[in-house]
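A short worksheet on the structure shown next.
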Amino acid sequence: MSEAAVKPNPAAPSLAVRHLSKAFGGVQAVRDVSFDLGKGELLALIGPNGAGKSTCFNMLNGQIRADSGSVSLAGTELIGRSPADIWRRGVGRTFQITATFPSMTVAENVAMVLMSQRHELFSFLKTAVQRHRKKALELLDLVGMTGQADRPCGVLSYGDLKRVELAVALGNEPSVLLMDEPTAGMAPRERIELMGLAARLVRDLGLSVLFTEHDMDIVFGHADRIIVLSRGELIAEGTAEQIRSNPLVLKTYLGEGQIYGRKEG
């Protein structure tokens with residue numbers, strides 16, 4: 001394992017990943033990966049296609065069972081727990097492709113997650129949605145979507161749907177948020193605005209965010225710290241400047257002579 005594999009933050013981490021490994025048949029997708037996600041940190045997980053990013057990400061919230069290793073949320077072991085249990089313990093997640101109910105309003109979509117968090121039945125949907133409307137509007141205010149609360153999700157732009165998805169992910173008041181390719185499919189200005197919003201939530205709510213991303217300008221422009229996977233192994237971690245100048249990262253992923261981190265648009 002690389003020396004870069006274990007460099008915990010000085011403060012107690014929100015999420016501590018230790019020696020995480022997963023194989024599919026004879027293919028070792030993730031090998032002995034360890035890192036910390038600090039409280040109030042925006043941490044990027046990057047690497048070339050096939051590096052093991054998705055597998056690693058999916059083990060953190062229980063969608064894939066790790067072969068070995070530990071994922072600890074504020075001292076509570078998450079390995080072996082279901083995605084629903086991990087979600088209720090405070091790990092939220094957004095996905096590459098948005099999944100909202102198109103015929104329901106923005107506020108109703110957010111209210112649905114509040115009902116799920118409280119194990120409420122959906123028999124009297126309209127009544128339950130109204131009961132949770134105030135909290136739903138508070139969450140929508142965090143992502144700048146209160147003005148569209150009563151519009152059906154089916155008429156929203158893709159960028160606005162991503163904001164709704166973020167409000168939904170905040171519905172269980174997570175301490176850790178996993179964002180899988182959050183800006184995929186978005187226009188350049190929308191990408192910058194969404195990651196700026198994520199950075200503000202980290203700062204204002206003390207939220208800890210781990211995100212994967214292929215747009216290196218977004219990564220270098222917003223991440224507090226970056227970790228790099230290659231062929232299932234963690235090969236580097238550090239600040240944007242450290243990663244930009246890391247010879248191994250340049251060789252295996254970024255390429256020589258590349259400059260990242262300038263504002264888009």
Side-chain angles (χ1 to χ4, degrees), residues 2 4 15 17 20 22 24 27 29-31 33 35 37 41-61 63-64 92-99 157-163 165-166 169 176-202 208-265:
S2 158
L15 197 71
V17 178
L20 202 61
K22 180 66 182 180
F24 297 99
V27 178
V30 174
R31 185 193 304 274
V33 168
F35 63 89
L37 173 62
E41 181 178 37
L42 188 60
L43 176 64
L45 171 62
I46 67 172
N49 290 333
K53 301 186 302 296
S54 294
T55 299
C56 185
F57 219 69
N58 288 332
M59 285 190 285
L60 300 183
N61 78 321
Q63 288 194 305
I64 294 177
R93 178 167 180 178
T94 66
F95 293 84
Q96 290 185 36
I97 301 173
T98 58
S157 69
Y158 192 69
D160 284 341
L161 283 174
K162 286 282 191 175
R163 288 176 178 264
E165 184 188 35
L166 184 53
V176 169
L177 180 61
L178 308 176
M179 301 180 73
D180 190 7
E181 296 285 349
T183 70
M186 299 178 74
R189 184 174 297 278
E190 289 178 326
R191 291 200 298 267
I192 294 171
E193 289 175 351
L194 185 70
M195 290 311 300
L197 172 59
R200 179 171 61 80
L201 292 173
V202 167
S208 301
V209 176
L210 174 69
F211 71 101
T212 62
E213 182 59 62
H214 280 101
D215 186 326
M216 290 299 100
D217 284 324
I218 290 294
V219 170
F220 288 111
H222 292 88
D224 297 317
R225 195 163 53 93
I226 302 165
I227 54 179
V228 187
L229 287 184
S230 179
R231 296 183 179 180
E233 296 185 346
L234 188 57
I235 62 169
E237 70 173 287
T239 64
E241 191 57 41
Q242 289 170 332
I243 296 300
R244 279 194 197 98
S245 59
N246 185 294
L248 184 56
V249 176
L250 288 172
K251 179 180 178 181
T252 60
Y253 185 38
L254 297 181
E256 298 289 350
Q258 296 294 323
I259 299 175
Y260 297 100
R262 292 184 298 224
K263 292 289 185 180
E264 291 184 284

For [X] versus [Y], what's the shortest heavy-atom pair and its separation?
X    : Y    : answer
L210 : F57  : O-CZ, 3.6 Å
H214 : N49  : NE2-OD1, 3.3 Å
C56  : L229 : CB-CD1, 4.3 Å
V33  : G232 : CG2-O, 3.5 Å
M179 : A198 : SD-CB, 4.2 Å
A240 : I226 : CA-CD1, 3.8 Å

Checking [X] side chain against [Y] main chain: does a donor-acceptor pair fall under 3.5 Å?
X    : Y    : result
E165 : F95  : yes
K162 : L194 : no
K53  : P48  : yes
N246 : Q242 : no
E233 : S230 : no
D180 : T94  : no
R93  : L178 : no
T212 : E181 : yes

Problem set entry | Name of the residue among L43, V176, L42 meeting side chain to side chain contact (heavy atoms under 4.5 Å, CB included) with S208 |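 Single side chain to side chain contact (heavy atoms under 4.5 Å, CB included) partner of S208 among L43, V176, L42: V176.
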For this session: Please determine, by modelled atom types, if T183 and D215 share a side-chain donor-acceptor pair under 3.5 angstrom.
Result: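 There is no such pair between these side chains.
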Exercise. Below 4.5 Å, heavy atoms only, C-beta onward: do H222 and E213 meet side chain to side chain?
Worked result: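 Of all side-chain heavy-atom pairs linking E213 with H222, none is under 4.5 Å.
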Exercise. Given side chains that start at C-beta, do those of M59 and V30 come closer than 4.5 Å, heavy atoms only?
Worked result: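 A side-chain contact under 4.5 Å exists here.
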Looking at [atom1] of [X] and [atom2] of [Y], how far apart are the two atoms once the value is rounded to the nearest 0.5 Å?
X    : Y    : atom1 : atom2 : result
M216 : Y253 : CE    : OH    : 3.5 Å
L166 : L201 : CG    : CG    : 5.5 Å
D160 : E190 : CG    : CD    : 7.5 Å
R244 : L250 : CZ    : CG    : 11.0 Å
L60  : L37  : CG    : CG    : 9.5 Å
M186 : Y158 : CE    : OH    : 8.0 Å

For this session: Could you go through the side-chain contact (heavy atoms from CB on, under 4.5 Å) check for R163 and L197 one step at a time?
Result: CA-CA 9 Å; R163 288 176 178 264; L197 172 59; 3.7 Å; yes
Exercise. K22 and I64: side-chain contact (heavy atoms from CB on, under 4.5 Å), yes or no, with the steps?
Worked result: CA-CA 9 Å; K22 180 66 182 180; I64 294 177; 3.8 Å; yes
